Engineer: 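The structure that follows is given in the form of structure tokens.
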Number of protein chains: 2
Amino acid sequence: MSEMHLKDALDTLKTTGVRITPQRHAILEYLIETMTHPTADEIYKALEGKFPNMSVATVYNNLRVFRESGLVKELTYGDAASRFDFITNDHYHMICESCGKIVDFHYPGLNEVEQFASHVTGYKVHSHRLEVYGTCQECIENVGKQVL
Amino acid sequence: MSEMHLKDALDTLKTTGVRITPQRHAILEYLIETMTHPTADEIYKALEGKFPNMSVATVYNNLRVFRESGLVKELTYGDAASRFDFITNDHYHMICESCGKIVDFHYPGLNEVEQFASHVTGYKVHSHRLEVYGTCQECIENVGKQVL
DNA sequence: ACACTATTTATAACTATTATAAATTAAGAA
DNA sequence: TTCTTAATTTATAATAGTTATAAATAGTGT
């Protein structure tokens, strides 16, 4: 079924007139099959084997293309590197403030908030972003050697 | 009443054993009185008049101190510079994707989401972050000369 | 297979942020 | 008030993530 996602994604690109290069194929594939939310550099390193000559710029360029095509979401964290997330259906992120691990969770109705916010501010709403911060089980157990 | 905030903030710092320097005073004051959500550089430039010799590092250092004291929240946006927000009470941000303007809005109950997320993921929850993206009235009227 | 244009690569530049070390200063003690 | 000391500021350099550029390469429709 992740193959289905890949197929859909490639179709989306083709429809938008974006060329399918081996690099793009590989980046998309990697984004879909890894359940993590990799940084550009992690993607770069992961594909180093297949594409020894690939430039970091290529990764960044394509992540931007994917973002503009609505295939990928970019998650930013201040000075740290952005993380990229293949968009499947609506989900949110739970982030461990100790080790940085990100897991997804689904939650139904946040449309009310959008409507409310739109009403109060007069903005026309496109989307929203919700993130929950906490400590994961593992880090709770490893108290004493906190990193962050 | 913004003077109240400043007083409270200074007290908080003093209690935590953080020295009150003129620079810190000025940065806090600026953060409180400007309703915008300035970047470190904007703060630096705004205080250039009063402190011609102040270093950018000082602004960054103190914003970190304030963040660690829980006085200030940092909002990150990928490659763009972080924006800093004096914490009053719980509010969220509505961000215009066209001009970048940020306005605050209040919304009551998102604690359910925290509880839900905690239950599903097993994380111990500390906080959350919600942002709504859209287009502000002004930019809706100025269609045709889109910036972003 | 060709031609045309998008894309990749390699490199350098840019910008936000942080580290460092020397000079300065806030704040409590004498 | 003056002294003392550790925290803070300043100036500078370094780091890291990301983007711009231009030449080389390669998809895609014909």
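Reminder, nothing fancy here: chain letters follow the sequence lines and each chain counts from 1. Note that the coordinates shown come from a computational prediction; the quantities given were computed from them, not determined experimentally.
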Engineer: Is B/D11 salt-bridged to B/K7, cutoff N-O under 4.0 Å?
Structural biologist: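 Answer for the salt bridge query: no.
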Engineer: For B/D104, which residues count as a salt bridge (Lys or Arg N to Asp or Glu O under 4.0 Å) partner, sequence neighbours excluded?
Structural biologist: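 Partners of B/D104 by the salt bridge (Lys or Arg N to Asp or Glu O under 4.0 Å) criterion come out as none, since no residue qualifies.
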Engineer: Between B/E97 and B/T135, is any pair of side-chain heavy atoms under 4.5 Å apart?
Structural biologist: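 In short, these two side chains do not touch, never coming nearer than 4.5 Å.
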Engineer: Say whether A/Y133 and A/L75 are linked into one hydrophobic cluster, either directly or through other cluster members, by side-chain heavy-atom distances under 4.5 angstrom.
Structural biologist: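 As far as the 4.5 Å side-chain criterion goes, A/L75 and A/Y133 are connected within one cluster.
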Engineer: Is the phosphate of C/dA6 approached by A/N61 (side-chain N or O, under 4.0 Å from OP1 or OP2)?
Structural biologist: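 Result: no.
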Engineer: For residues 51-58 of chain B, tabulate all N or O donor-acceptor pairs below 3.5 Å that involve a side-chain atom, not counting sequence neighbours.
Structural biologist:
residue, atom, partner, partner atom, Å
B/S55, OG, B/A57, N, 3.1

Engineer: Provide, to the nearest angstrom, the distance between the CG atom belonging to A/L63 and the P atom belonging to D/dG17.
Structural biologist: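 Rounded to the whole Å, the gap is 14 Å.
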Engineer: Under the salt bridge (Lys or Arg N to Asp or Glu O under 4.0 Å) definition, can you give me all pairs with a residue in residues 55-70 of chain B, not counting sequence neighbours?
Structural biologist: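 Found B/R67-B/E74.
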Engineer: Checking side-chain contact (heavy atoms from CB on, under 4.5 Å) against A/F66, which of A/I87, A/N61, A/V72 comes through?
Structural biologist: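 The single option meeting the side-chain contact (heavy atoms from CB on, under 4.5 Å) with A/F66 is A/V72.
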Engineer: In whole angstroms, how far is the C1' atom of C/dA26 from the CG atom of B/N62?
Structural biologist: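 Result: 13 Å.
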Engineer: Please report the end-to-end axis angle for the helix from C/dA1-D/dT30 to C/dA30-D/dT1, five pairs per end, rounded to 10 degrees.
Structural biologist: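 Taking five pairs per end, the axes differ by 40°.
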Engineer: Is B/D41 touching bases, backbone alone, or none of the nucleic acid, heavy atoms closer than 4.0 Å?
Structural biologist: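 Nothing: the residue B/D41, judged by heavy atoms under 4.0 Å, touches no strand.
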Engineer: Please determine, for the side chain of A/Y60, which listed nucleotide (C/dT9, D/dT18, D/dA20) has the closest atom?
Structural biologist: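 Shortest atom-to-atom distance from the side chain points to D/dT18.
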Engineer: Would you jot down, in residue-number order, the residues of residues 43-55 of chain A having a non-hydrogen atom under 4.0 Å from DNA chain C?
Structural biologist: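 Result for residues 43-55 of chain A: A/N53, A/M54, A/S55, sorted by number.
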Engineer: Closer than 3.5 angstrom, by distance alone: can the side chain of B/E42 be matched with the main-chain N or O of B/T39 as a donor-acceptor pair?
Structural biologist: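 Yes, the answer is positive, given that a donor and an acceptor are paired below the 3.5 Å cut-off.
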Engineer: Below 6.0 angstrom between ring centroids: does that apply to B/H128 and B/H126?
Structural biologist: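 For B/H128 and B/H126, the ring centres are not under 6.0 Å apart.
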Engineer: Which ones in residues 9-27 of chain B lie close to DNA chain D, meaning a heavy atom under 4.0 Å from one of its atoms?
Structural biologist: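 Close to the strand are B/V18, B/R19, B/T21, B/Q23, B/R24.
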Engineer: Output the rounded distance in Å from CD (B/E68) to P (D/dT8).
Structural biologist: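 So the two atoms are 11 Å apart, to the nearest Å.
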Engineer: Strictly distance-based, threshold 3.5 Å: is any side-chain N or O of A/S98 a donor or acceptor partner for the main-chain N or O of A/C139?
Structural biologist: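 Checked: no pair found.
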Engineer: If the plane angle is over 60° it's perpendicular, under 30° parallel, otherwise tilted; pick one for A/Y107 and B/F116.
Structural biologist: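 Plane angle over 60°, so perpendicular.
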